[in-house]
Amino acid sequence: MSTAAHAPASFNRYRRDWRALLTRHEMLLLYVLIAEWLFFYFAGTSTNRRGVIVGFGTWDRQFDILRHSCEIGLLALALTPVIITAGIDLSVGSLLGLCAILFGKLWHDAGLSIPVAIGLTLGIGALAGALNAVLITALRLPPLIVTLGTYSLFRGLAEAITRGSITYTDFPETFLFIGQERWLGLPTQAWIFLLVALAMGLLLHRTTYGRAFRTIGLAPEGARYAGLPVERRLALVYVLAGLIAAIAAIIYTARLGQAKADAGTGYELFAITAVVLGGTSIFGGTGTIVGTLLGVAAIAVLKNGLACLPVVMRLNAAEEMSGLFTGALLLAALTASVLPKILSNLRPRRHSSTQSIPPLSP
Amino acid sequence: MSSPLLALRQIVKNYGGVRALRGVDFDLRAGEVHALLGENGAGKSTLIKIVTGAHAPDGGTISLAGQPVADLTPASARALGIACIYQQPALFPDLTVAENLALRLDATSAHARVDWTARRARATALLDRIGAAIAPDTEVCTLSMPEQQLVEIACALGSGARIVIMDEPTASLTQKEQHLLYAVVRDLRKNGVGVIYISHRLEEISALADRVTVLRDGQSVGTHAVGDINEAGLIRLMVGREVAQIYPAAESAPGAPVLSLRGVGCTASGVHDVSFDVRAGEIFGLGGLVGAGRTELARILFGLTPADSGQITLAGETLLLRSPQDAVAHGIAYVPEDRRRHGVVLELPIAQNITMAVHRRLFPTTWLRFGAERALALDYIRDLAVKCAGPDAPGGSLSGGNQQKIALARWLATRPKLLILDEPTQGVDIGAKSEIHKIIRRLAQEGLAVILISSDLPEVIGMGDRIGVMAHGTLRTILPGGSDPHTVMAAALGTAA
Amino acid sequence: MKNPLLRFCAAGAVLLSSLLTASAADSKLIVAMLPKSKGNAYFISCKAGADKAAKELGIQLLFDGPTDSNAAKQNEIVENWITLGVDVIAVAAENKEGISTALRKAQKQGIKVLTYDADAMADARSFFINQATPQGIGQTLMDEAARLVGAEGEFAMIVGSLTAANQREWQKYVEVRLKEKFPKMKLVAVRPCDDLKDKAQSEATALLSANPKLKLIMAICSPGVPGAAEAVKQAGLTGKVKVMGLGLPNENKRYVHAGVTDSVILWNTGDLGYLTIYAGVALAKDELKKGAKSLKTGALGSFAIEGDNILLGQPFIFNQSNIDRFDF
Amino acid sequence: MKRYFRELSVVGALLAVLFGLAWFAPAFFSPQPLLSLVTREAPTLVVACGMACVIITRQIDISVGSMFSVCSVCAGLLVARGWPLVLVLPASIGLGALFGVFNGFLVAALRLPSIVVTMATMVTLRQGLNLIRQGEFVNLPDRVQWFGLSQTTGQLVLVGAALGLLVALAWAMRHVAAGRYLYAVGTDAEAARLAGIRPQRVTLLVFVFIGALTGLGAMMNLAQSPQVQPLTGNGLELKVIAAVVVGGVAISGGRGNLWGAFAGFLLLACVSPALTHLHVEAYWEKAVQGAIILLAVVADGLRSRQSNR
């Protein structure tokens with residue numbers, strides 16, 4: 001018996017190495033983020049004609065970035081557990097639109113008070129998520145296709161309900177406070193965002209649910225054989241995504257002061273990009289909330305920072321440039337993530353081929 | 001004498017740390033059936049994968065008809081006239097039979113025109129030749145297992161190969177289909193083809209083969225003409241050691257029955273009418289050939305494929321097991337056969353693998369308690385003497401035997417009443433194997449009821465206090481522990497039934 | 001690893017920034033102009049006029065907006081401009097209420113705010129460059145349509161998207177006018193084209209075969225007019241089914257000449273951009289104050305001011321006789 | 001019969017829609033408008049064929065819309081510069097194929113998930129195009145429309161080309177070894193390797209193929225009108241993926257065929273004109289399309305559940 005060999009000391013050393021390995025992606029992203037931020041801080045800040053310091057390096061700008069990132073950030077938070085279970089949800093952006101106009105309708109047409117309308121909207125979001133969940137878990141359908149369908153369906157319903165044109169506005173000041181004012185120094189919605197991030201972080205990293213999500217993503221059959229309630233956990237992930245999309249809808253409505261059927265168009269793509277950039281594997285199993293937050297921040301800083309660069313301003317192309325760089329950043333992150341494996345595979349040439357091309361994951 | 005059709009010299013193959021082959025010599029002459037025999041894990045499948053080019057050897061030479069070949073790939077092996085019938089049919093389930101045959105048989109270029117009429121005609125001809133009544137346009141996924149095996153056989157037949165490898169081709173065949181297969185093998189031999197024939201059915205070997213080579217622990221332990229050696233001699237070669245000595249013996253008598261099955265069956269998985277009892281402190285060995293229904297029975301007991309007939313009673317309580325969660329809740333634990341897919345999640349740390357099934361007890365608030373988890377993991381790592389870098393090392397960093405201990409630890413942590421072990425020592429090196437045996441015996445000694453499923457005959461005989469032998473989806477007989485291997489094998493083969 | 005990396009990044013950033021800011025340090029007046037959708041030809045032609053004015057006045061023009069009509073992005077861009085400390089912001093509002101919050105914030109920071117093309121809330125801007133009210137556009141469109149078909153028969157509309165606010169407004173006033181004045185005309189369908197010319201063509205083709213009695217197609221988004229015209233041309237109904245709508249001369253010239261499209265209605269968008277910049281600069285230099293009655297511009301003379309609306313003039317109807325005189 | 005149940009059910013749904021139209025809105029079938037509608041869908045059909053191949057190989061390409069736009073604009077600019085069509089056509093196809101090489105390399109050689117790779121390509125290409133063109137139309141010389149043929153001839157040529165390609169490809173998918181390789185790789189890449197196919201190469205080529213088809217589709221679109229709008233490919237990816245999936249091509253690879261994809265394509269393409277003809281208000285269009293996609297996958301799910309029993 002060699003129990004003596006397993007002295008705790010040697011365990012600890014291993015643990016540290018392993019932690020470093022795990023956080024490597026997040027650390028890299030953090031360096032990129034810091035570099036980005038510093039670059040824009042120096043290159044995107046200037047003094048204007050009236051002698052006021054303007055541009056990226058102002059507190060206002062930082063708060064704006066935070067304010068503008070909340071909805072996409074929330075969707076990215078919603079998608080992190082989904083992608084960790086090796087699934088995907090394309091419908092969150094459309095659901096944001098549907099929830100926004102249903103919220104408007106509940107408040108304006110049905111005459112409900114704001115808190116009741118918010119409560120009902122969250123319920124509707126969860127319900128819509130449950131529709132995805134049922135199709136994916138009970139019928140064992142691929143999430144990509146199910147949510148492609150609901151992507152069309154939710155947006156279509158939003159348009160059908162408002163006949164495209166109805167825009168709900170004139171929300172009370174108290175409600176707009178959520179989206180337009182500051183509370184305790186930060187934009188109000190940032191508190192909600194941080195709260196959700198904290199909740200998701202705890203759920204994912206500190207509870208048995210997060211464990212189950214990861215296990216399902218890595219080995220769905222293995223999870224079943226370990227007695228984990230695979231279907232129930234998967235369902236939860238999609239319901240949560242629906243719920244968070246509804247929260248994002250509320251914030252969106254409060255920020256713009258309007259609820260319209262086109263709310264959140266294309267957000268799902270940015271959210272997925274942020275999640276993948278944050279180191280969550282599209283094949284499932286790995287990913288952290290911190291990574292997602294960094295991914296969201298990297299995209300947001302890039303987008304807002306570019307808009308402050310004199311060169312970009314002169315080209316009038318902030319949005320295109322940020323899209324371009326985001327795409328490039330995503331490709332670079334992906335390539336960087338497989339490069340070590342590719343390099344190490346180059347030497348023992350034939351072995352690698354037994355593990356074949358990754359299939360379309362979700 | 002001219003050089004043999006196929007000659008392997010000093011083939012070495014390692015998988016990670018495991019030495020699957022340690023210098024195997026093997027040759028095959030034209031027009032002979034050369035049987036390859038050995039326990040599970042002896043290295044037969046690895047040897048075959050090397051001959052078919054699926055895996056590259058780490059050492060040794062391969063020559064075909066005297067010509068050395070290097071860098072064998074599946075494509076070049078096929079081009080050189082090597083065909084293989086795998087144990088698990090390697091067919092494309094969504095494609096038709098004719099299509100599958102064509103993909104395996106035609107090494108055509110990508111531009112080549114596909115002639116469906118010819119494909120169908122050939123498929124029909126081949127299937128007719130082995131006497132299988134399968135329409136060439138059926139999709140393979142709609143075929144039964146034996147039918148798929150027949151397609152595989154047709155494939156080998158049609159390949160016009162000089163060398164045909166058959167890996168347990170009769171494992172899932174019925175009597176009638178077996179005879180079809182024998183005819184095919186004789187047909188091939190008559191045409192000067194060399195056949196490597198792997199089987200556990202000794203009577204099959206004496207009926208079909210010309211020579212037999214026995215592998216043990218990745219080495220060849222002898223090649224004999226079939227006429228020169230009897231079944232007992234072969235079994236001795238395969239097992240290679242006296243059974244009774246190395247297995248820890250029971251020290252106390254088993255207690256009251258914990259589990260009892262009465263007429264249990266499940267149509268979907270082909271298990272029917274199984275009845276037996278397992279008592280506390282007893283190891284109930286479950287023997288039989290691959291495909292006899294042992295794993296299927298275990299899956300019923302674990303709620304993966306719920307039973308549709310019969311009665312399962314555990315500790316006096318009649319159970320309805322519809323999901324693994326039900327099984328776990330009632331104190332049933334199952335260490336599955338496919339460790340990599342179902343057992344240990346290789347990417348996750350050891351500690352998480354160990355605590356996976358006890359979330360509810362260990363973390364009653366669903367809140368993770370890392371200290372408690374680590375403590376629990378360390379307990380089991382020490383208790384089972386797992387060789388690892390620590391509870392945070394990923395499961396994949398462990399050797400097969402230690403992975404198996406982790407899988408075992410996961411279920412011990414649930415404090416089960418019944419432990420089902422499915423091939424617990426498959427792919428495990430000798431040292432770890434005997435450690436695992438000691439652990440199993442100790443657990444039984446502590447009062448656990450254990451069902452031990454194994455294809456390793458000596459293991460079942462040596463470990464089992466009683467041995468249930470399964471064949472064709474049902475329990476054939478129950479023998480006392482330490483029975484004569486021949487009796488057990490005979491029961492499994494159905495010869496003495 | 002962390003410290004050297006950080007230092008390296010910082011050094012690089014400083015180096016680059018000095019290069020970049022050096023060129024931006026000229027202290028020109030900055031006017032930022034926000035279109036509804038940057039890629040839209042309508043706003044591109046606005047920009048041409050604005051560029052001209054910017055050059056004449058020696059100011060820096062920022063022209064940026066969403067690539068598709070998107071109220072949320074408009075807000076984000078305005079807020080960016082606020083922190084950039086521009087002098088004037090001129091906005092074509094996608095959503096009246098939505099943008100107004102951001103605009104009020106800009107005013108609070110001492111930035112002058114104008115609206116053009118589509119107005120925001122009155123208290124969120126100083127002046128609105130009024131090229132034509134939605135009411136005026138609706139009326140002109142409907143009147144011209146009625147003229148083309150003799151105030152009788154079925155017609156259909158193609159709109160950009162079902163959610164574009166200004167188009168819904170125009171559509172509303174078209175329908176109001178229809179109800180008031182042209183009882184013998186009937187609006188049989190409204191189809192969206194997602195601002196895609198190709199889709200407009202498909203939709204128009206379907207409309208033509210679905211409504212054999214159709215007399216006219218009115219497209220109120222700029223890709224819609226050439227799309228509908230191409231559909232009519234391909235259906236061989238040139239002259240039988242009239243095509244008209246809101247669009248740009250250049251995109252429609254070939255169809256107008258071929259007799260497919262009868263009239264394209266638009267104000268002079270270049271002038272709109274030009275006027276916006278002049279008004280903005282005047283506002284920033286305190287030359288334009290509340291209660292002013294007119295505004296003088298360089299090349300275009302002076303424009304009348306009515307309350308807080310600076311009037312560009314009536315929408316212009318382009319047809320075969322005059323379309324070649326315009327290039328935008 | 002049972003084998004093609006999925007495809008036949010889509011055809012059934014399609015026929016039901018067409019019969020419904022024949023009953024309630026016979027005007028739908030008047031030849032010239034119908035030809036125009038069909039011509040408009042021809043380029044999309046070409047891309048959908050490519051998408052079917054990609055999905056059968058168990059991959060996905062969501063960058064087709066962006067590639068389509070970029071190819072259209074580039075081809076348009078070349079034509080406007082006075083290049084002859086015989087040169088522009090291969091240039092457009094080649095450009096598409098080049099994008100395909102890029103996607104295919106990342107997926108096959110670096111083994112990155114295709115959905116993320118092509119998402120990144122999509123964003124990059126789209127924004128790059130926006131940056132350079134700022135949405136401006138490309139005006140083409142008159143000789144380009146219908147390749148200088150008469151309108152009806154041109155339309156027939158385009159529709160004929162698309163259908164010809166469909167038939168040829170459907171035939172090739174079944175009757176040429178390469179076509180069967182796609183199924184083999186899509187079903188089980190490892191088994192395919194054991195059968196002597198090189199899965200990586202097949203994957204690379206299928207991406208190149210869809211790129212080239214997208215380039216071709218862009219040219220077919222170019223020939224239909226005298227202007228190119230840079231937004232032209234927006235939303236194309238979802239349209240073709242939905243069509244292919246509704247047509248019974250399994251997203252998990254290896255299953256389905258081009259005829260099914262064609263039926264699914266027609267079904268979805270019918271929705272919009274059918275709603276117009278039935279005088280249903282346009283607001284319902286997206287919801288109807290979403291419902292069709294969901295119905296198709298739910299039917300798939302129920303069926304595979306049954307066959308598993």
Side-chain angles (χ1 to χ4, degrees), chain A residues 88 90 94 135 138-142 144-146 148-164 261 269 272-273 276 281-283 315-317 319-331 334-335 337-339 341-342 353-362, chain D residues 55 58-60 106-117 119-131 134 185-186 189-190 192-193 199-200 203 238 241-242 245 250-253 281-298 300-302 304-305:
Chain A
I88 195 131
L90 299 177
S94 300
L135 293 175
L139 294 179
R140 305 241 172 124
L141 293 170
L144 181 72
I145 292 310
V146 168
L148 180 69
T150 48
Y151 161 88
S152 266
L153 185 71
F154 293 156
R155 182 71 66 199
L157 283 177
E159 286 184 2
I161 289 169
T162 57
R163 303 164 60 84
L269 227 67
I272 294 171
T273 308
V276 174
S281 161
I282 200 88
F283 296 123
L315 283 172
N316 298 320
E319 202 190 328
E320 292 89 338
M321 296 282 264
S322 68
L324 209 62
F325 281 116
T326 309
L329 194 61
L330 182 58
L331 280 178
L334 283 173
T335 313
S337 69
V338 294
L339 219 53
K341 212 159 76 189
I342 297 286
S353 51
T354 48
Q355 203 207 342
S356 218
I357 329 160
L360 166 64
S361 131
Chain D
I55 294 183
R58 207 178 188 184
Q59 303 291 345
I60 200 160
L106 290 177
V107 174
L110 300 188
R111 296 173 199 201
L112 293 170
S114 54
I115 184 167
V116 187
V117 166
M119 194 169 83
T121 325
M122 174 184 85
V123 174
T124 312
L125 288 181
R126 176 157 300 160
Q127 298 300 344
L129 187 65
N130 280 343
L131 182 64
Q134 300 272 315
V185 173
E190 178 57 16
R193 195 180 71 85
Q200 320 281 32
T203 307
L238 291 179
I241 292 171
V245 169
I251 202 82
S252 50
E281 290 194 276
Y283 322 113
W284 290 99
E285 190 175 322
K286 268 187 202 145
V288 170
Q289 276 181 342
I292 290 178
I293 298 172
L294 281 184
L295 274 180
V297 289
V298 167
D300 256 3
L302 289 175
S304 70
R305 261 199 132 187

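We name chains A, B, ... by the order of the sequence lines, and we start the count at 1 in each one.
- When each of I293(D), V123(D), T124(D) is scored by its heavy-atom pairs under 4.5 Å with chain A, the top score falls to T124(D).
- Of the atoms belonging to I292(D), not a single heavy atom falls under 4.5 Å from chain A.
- Closest approach of G290(D) to S152(A), counting heavy atoms only: CA-CB, 3.4 Å.
- When heavy atoms are compared at a cutoff of 4.5 Å, Y151(A) approaches chain D solely by way of its side chain, counted from C-beta outward.
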ask   = When you look at I282(A) and I88(A), which way does the side chain to side chain contact (heavy atoms under 4.5 Å, CB included) test go after all the steps?
value = CA-CA 8 Å; I282(A) 200 88; I88(A) 195 131; 4.1 Å; yes

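- Between chain A and the residues V288(D), L106(D), V245(D), the most heavy-atom pairs under 4.5 angstrom are made by V245(D).
- Looking at T326(A) and Q127(D), their side chains never come closer than 4.5 Å, going by heavy atoms from C-beta outward.
- If you measure heavy-atom distances from L324(A) to chain D, the contacts under 4.5 Å come from both the backbone and the side chain.
- Counting heavy atoms from C-beta on, the side chains of I272(A) and L90(A) come closer than 4.5 Å.
- For the pair R58(D)/V185(D), no side-chain contact is recorded, criterion being any heavy-atom separation below 4.5 Å from C-beta on.
- A heavy-atom distance below 4.5 Å is not found between the side chains of L135(A) and V297(D).
- Heavy atoms of A109(D) lying under 4.5 Å from chain A belong exclusively to its backbone.
- Interface check for chain D: of the options L329(A), T335(A), L157(A), L334(A), the most heavy-atom pairs under 4.5 Å are formed by L334(A).
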